[in-house]
2 protein chains.
Amino acid sequence: MTIGELANESGVNAKLIRHYESIGLIPKAARTESGYRFYKESDIQFLRFIKRARGLGFSMKEIKKLVGLWRNKTRASKEVKSLAQEHILDLESKIREMQEMVDNLKSLAKTCHGDARPDCPIISRLEGEK
Amino acid sequence: MTIGELANESGVNAKLIRHYESIGLIPKAARTESGYRFYKESDIQFLRFIKRARGLGFSMKEIKKLVGLWRNKTRASKEVKSLAQEHILDLESKIREMQEMVDNLKSLAKTCHGDARPDCPIISRLEGEK
DNA sequence: TATGGACCTTCCAATCATTGGAAGGTCAAA
DNA sequence: TTTGACCTTCCAATGATTGGAAGGTCCATA
């Protein structure tokens with residue numbers, strides 16, 4: 001299986017697969033005589049694993065840990081769970097932050113008449129009034 | 001006023017002030033004979049403006065626009081408002097995405113017993129079961 | 001006056017995850 | 001044999017910031 005086929009099957013593009021190899025997230029692929037990387041079926045599942053973890057917003061660092069836990073069949077579910085829970089807390093705090101931004105912006109936008117006049121409370125607030 | 005003093009007053013550190021100058025967000029500072037940048041009082045307000053906008057999650061690109069609108073006293077409030085509203089939509093869509101991640105992770109974490117046993121639904125799900 | 005330390009300068013590199021391009025080699029079918 | 005789709009490596013950009021190195025300047029104190 002070439003890198004392109006693996007990319008199709010896994011949904012992770014070839015460029016990114018090479019990149020993952022270069023940062024050590026996935027092992028170095030075997031090569032054909034001419035230097036092409038080749039892969040086996042089980043590599044599809046591996047890349048999908050990574051893709052799903054990215055989809056849940058895990059960082060590459062966290063994914064490295066997850067991959068380690070995944071590969072190690074004797075890992076404790078405790079470790080996995082606590083990794084997930086830390087990540088939940090991270091996400092929630094970012095959500096709160098962004099929600100505050102939205103709330104602020106909405107209240108500013110509401111008081112801005114939004115016509116051709118130059119007066120705008122959004123700008124005034126950024127200027128430091130209040 | 002030196003760059004360090006400006007940094008103190010504005011809350012934007014000196015390194016970042018230089019960086020903002022280099023990307024053209026703020027004009028090139030005047031220099032003393034020995035090459036030190038020097039600033040006037042009104043620069044404090046300017047940097048605070050930028051800092052507040054960053055605090056609301058605007059990108060540097062958006063901030064460049066905001067700065068332009070701010071400086072141009074005849075700008076229409078409409079432009080400012082629509083910039084803000086686009087940004088609100090951006091933020092809200094990111095929030096939704098992250099909230100979905102959290103929901104997924106929470107439901108996975110709930111079914112993970114979190115003890116010393118190796119079985120863990122979080123891992124299974126990443127593997128592709130279901 | 002000398003020296004120390006706090007400040008300033010520029011430039012280059014790292015972060016994070018990914019994408020892009022350039023320049024070249026390989027493969028398979030027409 | 002030529003075309004075109006694929007593969008290879010390497011280098012650079014993204015966005016916002018931070019870090020360090022190597023060096024110059026300023027001011028106060030010994």
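Numbered from 1 within each chain, the chains take letters A, B, ... in sequence-line order.
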In short, ring-ring contact (aromatic ring centres under 6.0 Å, His included) pairs touching residues 56-92 of chain B with sequence neighbours left out are B:Phe46-B:Trp70, B:Phe49-B:Trp70, B:Phe58-B:His87
Residues pairing under ring-ring contact (aromatic ring centres under 6.0 Å, His included) where one sits in residues 1-28 of chain B, two or more places apart or in two chains, turn out to be none
* To do: Side-chain contact test, heavy atoms from C-beta onward, threshold under 4.5 Å: evaluate it for A:Asp43 versus A:Ile17 and give yes or no.
  => no
Fill in: Minimum side-chain heavy-atom gap B:Leu56-B:Arg52 below 4.5 Å
no
For residues 93-105 of chain B, dump all side-chain donor-acceptor pairs below 3.5 Å to protein atoms at least two apart in sequence or in another chain.
{"unit_1": "B:Gln99", "atom_1": "NE2", "unit_2": "B:Asp103", "atom_2": "OD1", "d": "3.2"}
{"unit_1": "B:Asn104", "atom_1": "ND2", "unit_2": "B:Glu100", "atom_2": "O", "d": "3.4"}

With the side chain defined as heavy atoms from C-beta on, A:Arg54 is closest, among D:dT18, D:dT17, C:dT18, to C:dT18
* In plain terms, say whether B:Glu86 and B:Lys65 are close enough for a salt bridge, that is, a side-chain N and a carboxylate O under 4.0 Å apart. => no
**Prompt:** Below 4.0 angstrom, N of the basic side chain to O of the carboxylate: do B:Arg117 and B:Asp119 qualify?
**Reply:** no
Please report the distance, rounded to the nearest Å, between [atom1] in [X] and [atom2] in [N].
{"X": "B:Leu16", "N": "D:dA16", "atom1": "CG", "atom2": "P", "answer": "11 Å"}
{"X": "A:Ile50", "N": "C:dC16", "atom1": "CD1", "atom2": "P", "answer": "17 Å"}
{"X": "A:Ile23", "N": "C:dT18", "atom1": "CD1", "atom2": "C1'", "answer": "10 Å"}
{"X": "B:His19", "N": "D:dG20", "atom1": "NE2", "atom2": "C1'", "answer": "17 Å"}
{"X": "A:Ile17", "N": "C:dT19", "atom1": "CD1", "atom2": "P", "answer": "12 Å"}

Under a 4.0 Å heavy-atom criterion, the protein footprint on nucleotides 4-9 of chain D, written with B, S and -, is --BSBB
Out of curiosity, does A:Met1 fall in the hydrophobic cluster containing A:Leu47 (side-chain heavy atoms, cut-off under 4.5 Å, transitive links)? yes
A:Ile26 with A:Tyr36, same ILVMFWY side-chain cluster at under 4.5 Å:
no
Is any side-chain N or O of B:Asn13 closer than 4.0 Å to OP1 or OP2 of D:dT18? yes
Any A:Tyr20 side-chain N or O less than 4.0 Å from OP1/OP2 of C:dT18 | yes
Closest heavy-atom pair, A:Gly114 versus B:Lys81, reported as atoms and distance to 0.1 Å, is CA-CD, 3.7 Å
Is the backbone of B:Pro118 close enough, under 3.5 Å, to the side chain of A:Arg75 for a donor and an acceptor to pair up by distance? yes
One would report the end-axis bend of the helix from C:dT1-D:dA30 to C:dA30-D:dT1, five pairs per end and rounded to 10 degrees, as 40°
Residues of residues 58-71 of chain A with a heavy atom under 4.0 Å from any atom of DNA chain C, listed by number, are A:Ser59, A:Met60
